[in-house]
Amino acid sequence: MRIAADRAIPQWEEKFTDLGEVRPYDAMDLKPESIRDADVLIVRTVTRVDAALLDGSSVRTGIAASAGTDHIDRECLARRGIRFAHAAGCNANSVSEYVVTALHVMASRNGWNLGSKSLAVVGVGQVGSRVAKKARALGMRVLLCDPPLRDATGDPQYRDLDHVLGADIVTFHVPLADDGPYPTRHMVGGALLRRLSPTQCLINTSRGAVVDSRELKTALREGRIGGAVLDVWEGEPRVDFSLLEMTGLGTPHIAGNSLDGKVRATAMAREALCGFLGVPPGSRADADFHEPRLLRPEPGAGGQEAVLSVLLQAFDLLKEDAGLRALGNLPPAEAAGGFERLRTRKPLRPEFCHFLVDPGERNIHLSGTFEALGFRIPGAGRTD
């Protein structure tokens, strides 16, 4: 069996070489002839899997080592009888850690007390449910919006979008859908933005096209909303840098890029392939994480600022923001290449569970908060 696997997938050698002949490829150079005689194709989100790639190939199994699937033409695979699986939820915790960090950055800049703010979570799946749990641990009032989940469960806590737009911050965690009863492409458009106010902020870590970029840019330029945090962009890797300049935080689609999430995705891809082959997945090597690093709040920092100082030591979101903004003066093609490098060609961050936090005597009361966000406290039992 011939397995074509993106060489940027962590641990591809350890996870797949016992299952067949692995042929690694570079996603940016992938051509149809590269997988002509492959039986299995394993991709990341940067590879569009459709008829243009698959025509003439012998691929009968497709696996996305990613949580999202909008880069996969599912109908095309179904017509060709190609089995498909993906790593649903693999990076959910990573994204929730991004949102928590972004909330603290924005709170520090705007003088917010997060405990007095409300957060609307739009899309309460693997990511949104984790965001909601962490936000509640911060004392925020959380509103949940997920009409499909309400339809499936009958649970009235999942409200319509109209009923949550009064929240101080609205964060989106939805798949990109063009049709069905609840399409999400450009759900954040002119009509929605006109209902918001200069005191409200938007966060989008789902898919770029969930937001109508032109309408958002107009709303920000006119001061009709208070701010935006964007990790995903319409047309990426080509970014509208004029929109980036108006955001409070802008990053190159890295919210889910933790080492834990990527390793989890590879393991899930292996499990799926073994399931298709009818063989037990067995035990394969996991990532070699470094010893837990000890973090302390910055001297003199207390309360919410102490939490922020620890968050930025674990995940330097400001550095990610600065890296993307630095591409703004480059020609479009070079900037697009830079976006991809920022997203994929650097060491992956560990999730918060790989850090110990010593809050110190002044901030000892924050121990429970740090644990709720996923950190470990020396001498305390692990909660993950």
Side-chain angles (χ1 to χ4, degrees), residues 1-91 175-180 207 209 235-237 253 256-257 261-287 336-337 340-341 343-345 348:
M1 181 175 65
R2 293 171 292 273
I3 304 171
D6 188 324
R7 69 170 68 251
I9 293 173
Q11 296 189 300
W12 62 264
E13 290 181 282
E14 295 93 327
K15 296 294 186 182
F16 302 118
T17 50
D18 64 320
L19 299 176
E21 176 192 348
V22 181
R23 298 179 178 178
Y25 64 84
D26 292 308
M28 295 300 104
D29 301 324
L30 184 62
K31 298 177 176 59
E33 52 266 29
S34 306
I35 60 167
R36 191 67 34 91
D37 62 348
D39 302 298
V40 178
L41 175 62
I42 305 176
V43 303
R44 296 180 298 127
T45 54
V46 297
T47 299
R48 174 69 182 170
V49 179
D50 54 15
L53 179 64
L54 295 171
D55 277 351
S57 81
S58 57
V59 171
R60 289 295 171 265
T61 301
I63 299 175
S66 62
T69 62
D70 50 276
H71 58 301
I72 308 292
D73 187 338
R74 303 282 289 270
E75 293 183 359
C76 173
L77 268 60
R79 288 194 303 270
R80 294 164 185 259
I82 296 175
R83 301 174 297 188
F84 175 72
H86 71 292
C90 63
N91 62 356
L176 183 62
D178 288 300
D179 48 28
R207 286 294 182 264
E236 62 181 58
H253 201 153
N257 278 12
K262 296 298 184 183
V263 169
R264 201 174 292 128
T266 309
M268 294 171 74
R270 175 185 169 83
E271 291 173 6
L273 181 54
C274 288
F276 288 142
L277 298 176
V279 300
S283 177
R284 307 296 290 177
D286 289 325
E340 287 297 337
R341 286 190 296 274
R343 185 183 178 197
T344 64
R345 298 183 184 178
L348 295 165

request  = Please lay out, stage by stage, how V22 and W12 fare under the test side chain to side chain contact (heavy atoms under 4.5 Å, CB included).
outcome  = CA-CA 9 Å; V22 181; W12 62 264; 3.5 Å; yes
Residue pair T266, F16: steps toward the side chain to side chain contact (heavy atoms under 4.5 Å, CB included) verdict = CA-CA 9 Å; T266 309; F16 302 118; 4.1 Å; yes
query = Does the pair S57 and R36 meet the rule for a side-chain hydrogen bond (donor to acceptor under 3.5 Å, both in side chains), with working shown?
reply = CA-CA 4 Å; S57 81; R36 191 67 34 91; over 6 Å; no
query = R74 and D50: salt bridge (Lys or Arg N to Asp or Glu O under 4.0 Å), yes or no, with the steps?
reply = CA-CA 8 Å; R74 303 282 289 270; D50 54 15; over 6 Å; no
request  = Give the intermediate values and the outcome of side chain to side chain contact (heavy atoms under 4.5 Å, CB included) for residues V43 and I72.
outcome  = CA-CA 10 Å; V43 303; I72 308 292; 4.1 Å; yes
request  = Carefully, step by step, assess D70 and R207 under the rule side chain to side chain contact (heavy atoms under 4.5 Å, CB included).
outcome  = CA-CA 9 Å; D70 50 276; R207 286 294 182 264; 2.5 Å; yes
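The side-chain contact (heavy atoms from CB on, under 4.5 Å) test with P237 is passed by exactly one of R341, E340, H253: E340.
By the 4.5 Å heavy-atom criterion applied to side chains, N257 and K262 are counted as neighbours. Looking only at side-chain heavy atoms (C-beta outward), L53 and L30 come within less than 4.5 Å of each other. I63 places none of its side-chain heavy atoms less than 4.5 Å from the side chain of L41. In this structure, R80 and L54 have side chains that are in contact, with non-hydrogen atoms separated by less than 4.5 Å. Side chains of V59 and T61 form no contact here, defined as non-hydrogen atoms less than 4.5 Å apart. Between R60 and L77 the shortest side-chain heavy-atom distance does not fall below 4.5 Å. When side chains are defined from C-beta on, P32 does not count as touching D55, because their heavy atoms never get closer than 4.5 Å.
T17 places no side-chain N or O within 3.5 Å of a backbone atom of E14 that could act as its donor or acceptor partner. R2 places no side-chain N or O within 3.5 Å of a backbone atom of G20 that could act as its donor or acceptor partner.
Between D29 and R7 no salt bridge is recorded (no basic side-chain N to carboxylate O distance below 4.0 Å). Salt bridge present: R23 and E21 bring a charged side-chain N and a carboxylate O closer than 4.0 Å.
Here the CG-OG1 distance, from D6 to T344, works out to 9.0 Å after rounding to the nearest 0.5 Å. Separation of atoms CZ (F84) and CG (D73) is listed at 10.5 Å; rounding is to 0.5 Å. Atoms OG and CG, on S58 and D39 in that order, are 5.0 Å from each other to the nearest 0.5 Å. The CE atom of M268 sits 7.5 Å away from atom NE2 of H86, with the distance rounded to the nearest 0.5 Å.
C274 and P280 make their closest contact through SG-O, 4.0 Å (heavy atoms, listed as atom of the first residue, atom of the second, distance). Across A64 and H71, no two heavy atoms sit closer than the pair CB-NE2, 3.9 Å. Here the closest heavy-atom approach between residue R343 and residue T45 is recorded as NH2-OG1, 2.8 Å. Considering every non-hydrogen atom in both C76 and A51, the closest pair reads SG-N, 3.6 Å. The two residues A265 and C90 come nearest to each other via the heavy atoms CB-SG, 3.7 Å.
No side-chain donor from either of R44 and S66 sits under 3.5 Å from a side-chain acceptor of the other.
In E75, the CD atom is not crowded: 12 or fewer heavy atoms of neighbouring residues, nucleotides or ligands sit closer than 6.0 Å.
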